[in-house]
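Structure record follows, encoded as structure tokens.
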Amino acid sequence: MSEIIIHDERFRRLIIGHARLERLWSGGRWVEGPAYFPAGRYLVWSDIPNNRLMRFDETDGSVSVFREPSHHTNGNTTDRFGRLVSCEHLTRRVTRTEFDGSVRVLADAFEGRRLNSPNDVVEAADGAIWFTDPTYGIDGDYEGIAAPSEQAGSFVYRVDPASGQVEAMIRDRVQPNGLAFSPDGRLLYVADTGGTHQPGLPATIHAYPMDVAGRPGKPTLFATCREGFYDGFRVDKAGNLWSSAGLGVDCYAPDGTLIGEIRIGEIVGNLCFGGARFNRLYICGQTSLYSYFVNTNSAVRPASGV
Ligand code: MG
């Protein structure tokens, strides 16, 4: 169990003693955005600089290109109907791949100006799409195309499921990145990688309480990264938060205590739960796709309908 570090006895119940880290594929430049599709038992993820979406077939272990060019897609998620929702750096928009294969734009502007470069995305219980919009896709030509920001900052946005209206919901982060809701939907966790642009700024995850109208309130600091950054993360059914954290995955109890780690050995960008029982962590680590079976399940089971 060399890749497992237990900080708190609560973590012991969440892992499987004889499970091992599996490297499923390698050959990317910077991979992120895993999204699992239970009906087809496959995983889609982004190889951002290589401008492609990849696909891992869980039934036979094969890997293929899912979409190329991908418009330098970064974060992906699977909505409740099993549709792929993607954050595209190059085209600075959030899209949804429909049942007929067409690609529909969900958001590409706010207040008449282009978005920065949508980074990560989740679906709320009411069907709204929430996404972060830092500047990484317009900071240079590696993960998109360099361009000035047209927005007053890097915000967290909500796309209304009925009207399609795009609204800035969180404006107090420097570079909001990964995001996820608690199982009961009462907290929205948001990672901030602002230290890439303001040296000395701590890498954090903040928890925003959601009011009855579904709006985020004053945040509290949930966790501070000891090394590197928190990028993407997901929450299990008990509310434990599994996050990318430098060269590994950190697991935090709902009270914010770091209870354990999985050492990966590459910089982890993002992860998600998948597998037929949603107990398999798929982990995007820099150049490679990894998986690790755990003794818990995802809080959110995509494609479960309404
Ligand atoms: Mg990210």
Side-chain angles (χ1 to χ4, degrees), residues 28-36 43-54 70-78 84-95 107 115-123 129-140 142-144 149 153-157 170 173-181 188-197 201-206 222-223 225 227-235 241-250 264 266-273 281-290:
R29 285 206 163 90
W30 177 260
V31 300
E32 263 204 70
Y36 182 75
L43 182 92
V44 167
W45 77 97
S46 301
D47 182 2
I48 306 172
N50 282 327
N51 200 15
R52 60 183 180 172
L53 283 167
M54 306 299 293
S70 64
H71 305 306
H72 294 283
T73 286
N74 184 340
N76 299 286
T77 199
T78 316
L84 171 65
V85 180
S86 301
C87 294
E88 301 179 5
H89 276 182
L90 182 69
T91 31
R92 299 164 68 169
R93 64 187 191 180
V94 178
T95 62
L115 298 171
N116 294 326
S117 51
N119 187 291
D120 211 345
V121 58
V122 290
E123 184 185 45
I129 296 297
W130 290 67
F131 67 95
T132 57
D133 187 43
T135 59
Y136 298 108
I138 57 172
D139 287 339
Y142 189 55
E143 297 190 1
S149 173
S154 296
F155 305 143
V156 180
Y157 293 94
I170 293 174
R173 300 267 59 88
V174 178
Q175 293 280 28
N177 204 314
L179 75 173
F181 288 96
L188 174 61
Y189 298 103
V190 180
D192 194 337
T193 47
T196 55
H197 287 62
L201 210 64
T204 56
I205 295 174
H206 281 79
F222 178 76
C225 202
E227 187 178 13
F229 293 97
Y230 301 125
D231 197 328
F233 54 85
R234 291 290 186 273
V235 179
L241 189 150
W242 301 73
S243 182
S244 59
L247 292 169
V249 173
D250 280 358
I264 305 297
E266 291 192 84
I267 301 170
V268 178
N270 215 327
L271 53 85
C272 76
F273 286 92
L281 275 182
Y282 283 104
I283 301 158
C284 287
Q286 202 162 343
T287 66
S288 307
L289 176 69
Y290 298 87

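One-based numbering along the sequence shown. Counting convention: from 1, in listed order, for ligands and their atoms alike. These numbers come from the heavy atoms of this one structure, side chains and all, not from hydrogens, waters or symmetry mates.
- The Mg ion (ligand 1) lies closest to atom OD1 when only the N/O/S atoms of Asp231 are considered.
- Counting just the N/O/S atoms of Glu32, the one with the shortest distance to the Mg ion (ligand 1) is named OE1.
- Side chains of Gln175 and Thr196: no donor on one and acceptor on the other come within 3.5 Å.
- Residue Asn177 counts as close to the Mg ion (ligand 1), with an N, O or S atom under 2.8 Å.
- Among the atoms of Thr132, no N, O or S atom is found under 2.8 Å from the Mg ion (ligand 1).
- For the atom pair CG (Leu115) and OH (Tyr157), the distance works out to 5.5 Å, reported to the nearest 0.5 Å.
- Aromatic pair Tyr189/Phe222: centroids less than 6.0 angstrom apart.
- Here Trp45 and Tyr282 keep their ring centres 6.0 angstrom or further from each other.
- For Asp120, every N, O or S atom stays at 2.8 Å or more from the Mg ion (ligand 1).
- Within the 6.0 Å centre-distance limit, the rings of His197 and Tyr136 are counted as a close aromatic pair.
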